Amino acid sequence: MNTLIISRLFIPVFSVILMTSCSKKDAEELVPLPYTEGTVRIAKWKDDKKAALLIQFDDSTPGQATLGVPAMSKRGLIGTWYVNPGGEYYLLHKDIWENEAPAGNQELANHTMTHTGASSYDEVVYEVGEASKAIWRIRKEEDFASLIAFNRGGGTSWNEDDLKKVLEEYKNIDRLSYTGVKIIAKTIPIGSNADAMYELIPIAIEDSIICSIHFHGISDDNDGDDYGNGAVWVVEFEKFLDKVLAIKDEVWNTGYISMYKYSIERNNASVELVQYSNVQYGVKLSATTDDKYYNESLTILVYLPADWEKCEVNNDGSVKTYTLTNGVLMFNAVPNKSEVMIVKK
Ligand SMILES: [Zn+2]
């Protein structure tokens with residue numbers, strides 16, 4: 001009991017001596033204080049939003065290209081489009097898929113070259129690998145430069161071992177992968193109205209989970225047909241998009257790979273808040289993931305002393321001033337970069 005009391009008394013004195021001796025040695029060197037007035041955490045979702053929303057499309061149908069892509073892009077919404085780069089529909093609107101869609105910040109994903117499945121290893125390499133190479137070319141990247149979302153296509157058959165091997169080699173992530181957070185998903189039936197498309201989103205917000213809405217065709221009249229694909233009417237589709245826009249502050253609408261990277265990085269990250277003085281802090285964000293493929297920025301929340309109104313943040317060389325509410329600072333940072341420095345203004 002006595003020893004415990006003595007050590008409690010002595011630790012603060014010892015710390016003060018250490019700090020003094022360091023600051024005398026080198027006044028410029030930043031020395032962390034032995035305490036931190038504040039805490040830090042990684043937000044569950046980007047920008048501390050309540051849920052993640054994926055809007056996904058299969059088959060690169062003509063209606064998706066001519067109606068869907070512009071409707072999404074003009075609203076600043078992001079969809080994940082599983083395309084067949086060797087398929088007839090894709091080739092009809094190649095320019096939209098390869099230029100307009102990426103210019104509108106849309107994510108192209110792998111739905112295999114021709115949507116036919118594969119019966120040999122070489123066919124798997126063609127169906128998965130060639131589509132991947134097409135997508136990297138569209139992204140203006142080298143082969144194997146980034147992760148690609150994958151969906152094998154309904155009704156197709158594969159040798160599971162071959163497929164697994166080729167997906168790994170080509171950095172494809174099956175969209176059914178588990179990221180540690182529950183996904184609720186809905187495939188939108190032919191002729192659905194906007195309310196039916198929207199119905200899962202409030203549940204995802206309530207539970208702070210991932211909501212995935214899957215579309216097939218989009219048609220310019222209400223006949224449920226997009227070149228032989230079951231479709232929703234573009235008028236209802238756009239009504240749905242406007243409902244999503246209205247709650248954009250609550251849901252993080254992003255592409256599949258961006259959500260996937262965020263989740264995996266967060267699961268493998270650690271964040272530390274260091275205090276150097278009453279006016280200077282640092283945030284160290286690291287993750288054990290491979291920086292080449294896992295480069296999504298994570299949202300960091302720093303709880304600083306409540307009287308801080310403004311601070312300057314040096315985040316990997318970019319310096320910005322933030323206005324705080326109740327001492328809470330929020331910014332996005334990529335893991336394994338230099339320490340983010342925060343200075344009170
Ligand atoms: Zn399909």
Side-chain angles (χ1 to χ4, degrees), residues 54-69 71-72 78-94 96-98 101-102 106-120 123-136 138 147-160 162-164 166-167 170-177 183-192 196-197 200 210-220 223-234 237 240 255-257 259-260:
L54 307 175
I55 304 175
Q56 308 200 82
F57 305 82
D58 289 353
D59 303 331
S60 36
T61 66
Q64 287 175 16
T66 58
L67 304 168
V69 167
M72 296 283 288
I78 298 173
T80 302
W81 309 79
Y82 295 83
V83 299
N84 308 113
E88 177 195 344
Y89 289 153
Y90 179 93
L91 296 170
L92 267 178
H93 295 291
K94 196 168 188 275
I96 295 179
W97 294 118
E98 301 196 356
Q106 304 302 322
E107 177 191 22
L108 292 202
N110 191 346
H111 199 36
T112 75
M113 277 306 272
T114 62
H115 208 297
T116 49
S119 51
S120 69
E123 277 181 31
V124 180
V125 170
Y126 174 76
E127 285 294 332
V128 175
E130 286 306 306
S132 301
K133 287 179 179 173
I135 289 169
W136 285 315
I138 294 163
L147 302 180
I148 296 175
F150 175 80
N151 170 29
R152 64 175 66 193
T156 57
S157 69
W158 302 80
N159 175 309
E160 294 299 329
D162 289 347
L163 181 59
K164 187 169 181 277
V166 176
L167 290 180
Y170 282 85
K171 307 296 171 196
N172 276 226
I173 307 296
D174 194 304
R175 76 172 177 198
L176 300 177
S177 302
I183 294 194
I184 47 172
K186 180 174 181 175
T187 297
I188 303 303
I190 299 176
S192 293
M197 300 172 200
L200 289 187
I210 304 159
C211 182
S212 178
I213 315 287
H214 298 242
F215 289 92
H216 287 93
I218 299 173
S219 62
D220 59 2
D223 65 357
D225 179 66
D226 174 6
Y227 285 73
N229 294 267
V232 294
W233 187 21
V234 67
F237 178 68
F240 160 72
Y256 182 88
I257 284 297
M259 177 285 295
Y260 181 83

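Here the structure is a predicted model, which means the values were calculated and not measured. As the structure lists them, so they are numbered: ligands from 1, and atoms in each ligand from 1.
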Participant: Among the N, O or S atoms of Asp59, which one sits nearest to the Zn ion (ligand 1)?
Facilitator: OD1

Participant: Has Asp58 got an N, O or S atom lying less than 2.8 Å from the Zn ion (ligand 1)?
Facilitator: no

Participant: Would you please classify the geometry between the Trp158 ring and the Phe150 ring as parallel, tilted or perpendicular, with 30° and 60° separating the classes?
Facilitator: perpendicular

Participant: Quickly, which of Trp81, Phe57, Trp233 forms a ring-ring contact (aromatic ring centres under 6.0 Å, His included) with Phe215? Name it, please.
Facilitator: Phe57

Participant: Do the rings of Phe240 and Phe237 sit parallel, tilted or perpendicular, given the 30° and 60° boundaries?
Facilitator: tilted

Participant: Check whether the side chains of Thr61 and Asp226 place a donor and an acceptor atom closer than 3.5 Å, and report yes or no.
Facilitator: yes

Participant: Within His111, is some N, O or S atom less than 2.8 Å away from the Zn ion (ligand 1)?
Facilitator: yes

